[in-house]
Number of protein chains: 4
Amino acid sequence: MENTNRIAPELEVESWLNTKGESITLEGLRGKVVVVEAFQMLCPGCVTHGLPMLSRIADTFAPYEVVTLGLHTVFEHHGVQGSRAFIHEYRINYPVGIDAADPAGTIPRTMNAYGLRGTPSLVVIDQAGIQRAQSFGAVSDLAVGALLGQLLHNAPARDESPSSSLACTDDGCAIR
Amino acid sequence: MENTNRIAPELEVESWLNTKGESITLEGLRGKVVVVEAFQMLCPGCVTHGLPMLSRIADTFAPYEVVTLGLHTVFEHHGVQGSRAFIHEYRINYPVGIDAADPAGTIPRTMNAYGLRGTPSLVVIDQAGIQRAQSFGAVSDLAVGALLGQLLHNAPARDESPSSSLACTDDGCAIR
Amino acid sequence: MENTNRIAPELEVESWLNTKGESITLEGLRGKVVVVEAFQMLCPGCVTHGLPMLSRIADTFAPYEVVTLGLHTVFEHHGVQGSRAFIHEYRINYPVGIDAADPAGTIPRTMNAYGLRGTPSLVVIDQAGIQRAQSFGAVSDLAVGALLGQLLHNAPARDESPSSSLACTDDGCAIR
Amino acid sequence: MENTNRIAPELEVESWLNTKGESITLEGLRGKVVVVEAFQMLCPGCVTHGLPMLSRIADTFAPYEVVTLGLHTVFEHHGVQGSRAFIHEYRINYPVGIDAADPAGTIPRTMNAYGLRGTPSLVVIDQAGIQRAQSFGAVSDLAVGALLGQLLHNAPARDESPSSSLACTDDGCAIR
């Protein structure tokens, strides 16, 4: 996982799945941590590692202001259809944006703006819209957890459920 | 993982392995995050989950002031010998304390002081000696990573190696 | 794995991949054991279990007259293209037949002839063209290995390489 | 898996666990296929690979005359006690023989007679008492399954349960 330190480029997406027709922008998500997994349908590492990790992140950080997004960045075999079927079969229920094609090249626009090296890639953006990390390939749950834990430092949980696993702040840890 | 909020009881250990004869105390580790994995040799969950997780934690947080300790808490089959052989065969190279037997009962002293429910159990203690979490059984890497990330918030890395994966502070993330 | 006992219906395939343009028929494979894995591209169980098992079978039984075939049986999301890309990305190098569409229904022809319940499905055909087993979903390596071992009973290895792992016959086992 | 071709040396065992006090001999098992897994308690490969495979073999071939035996061959750290506790904790319910110590050396007697190279080792003995295979380290389920399938060729199942997965003989495969 490489650390970065720049304003995260806005997502450029043709269409969104699993959003009931609404569009998602990073600007609209200020105040929340955003985790984006860039994937392709026909990418073994995405199916085996990247997408399952995104689901684990969504589950673990459910009590917090963490938003998980898929980004379908088709840079190989352009024209391959079937995103919708893929998302159905793999039971993906978080929003997935289809990265906008670039008429001038094979790399779609968001992928190009971030300089992603391939798929799967994981991007983490903090509450202020700063991109904090970018990875290509497999990355460990401990390292991603640590980064999200840092960014959520002192962040209150959205709910007060006893299953909340991040209840510690600088002031101490409540016994619930 | 349950959150706790108390001064961590001092470790009560008969003898230490992998420490070149030196004893380890929580008091002597103030200023560092301490992760303790309580295990037994003949405990499938320890061999499959607990001890491998402790090794992953040691690897991931190597650049930081995180100390990983094993605690051999023999509460079943007392009298089973072989810790030294076990540690050799499983290539455990971090310090392991043998929890002190309690002449008055079957639960060894440190296990009793922490109220551990069994093995494997994971205990996390912060830089001030406050116990921040305690778990029994399997716990996810993302959740442990998040807690350690919180505790290491703003903590400088011990070294400046480019593999350091937690270089973000409130001031931003250096590109290395 | 259900046992069957009938002449295996001939494969009805639109086109073959990885065969240098040649067609494959069961009739042309008499004298060999044939293992067919029916799969779809957008089928998690196929990607996770079925296709990796077919590769393990191909590797383990390489010294024997065992032929492994993929059969792409698209019965959901018909019209999804991309078989060729999928096969490339997943590094599938054994022959894959595209099951022939049936203008009168959604189930392609070979799938219908065998009465396959879905994907992944494994079909085993013996040297005489008799279908010996059919499974739907996950099936254990030990059970498939046992069936193939039965069918290969007394079958000579194609080569005499020392890595041959099935050198036993009723007459004994040569030490190589 | 190396193939062998010799009368299997008789087991030399100090004591048996999980046999209600009875001793087991290869001679008494003539007519059955015998699978022996040699292991040590403090052997990671045994705990991770060897013993789970023996359990899978016991489950898969339950309808057939296949006997699975553990053999505790302590050649390192002699004097390590705790077999009984280990077998309890790991829920091992098949017979386990404690390989007889050899006063003249460190290698116990059965291990020496078979020339085992270490643990885990798998030994397969056929219905006539001939040793058919011996392996050291990891061995694939497909290869072991194939060997057992060969040896069980034409062997009737002990019961006629529909879950029986090896119902094929040269005469065909009954549909049950």
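All values reported here derive from a predicted model rather than from experimental measurement. Just so it is clear: chains get the letters A, B, ... in the order the sequence lines come, proteins before strands, and each one is counted from 1.
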field: Heavy-atom closest contact (A/Q150 atom, B/H153 atom, distance)
entry: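 Closest approach of A/Q150 to B/H153, heavy atoms only: O-ND1, 3.7 Å.
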- request: Taking all heavy atoms of A/S140 and all of B/T60, pick out the closest pair and write down the distance.
  value: OG-OG1, 4.3 Å
message: Restricting to side chain to side chain contact (heavy atoms under 4.5 Å, CB included), what partner residues turn up for A/S15, sequence neighbours left out?
response: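 Partners of A/S15 by the side chain to side chain contact (heavy atoms under 4.5 Å, CB included) criterion, ordered by chain and then number, come out as A/I98.
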Interatomic spacing from CG in B/D59 to CG in A/L142 - rounded to 0.5 Å: 9.5 Å
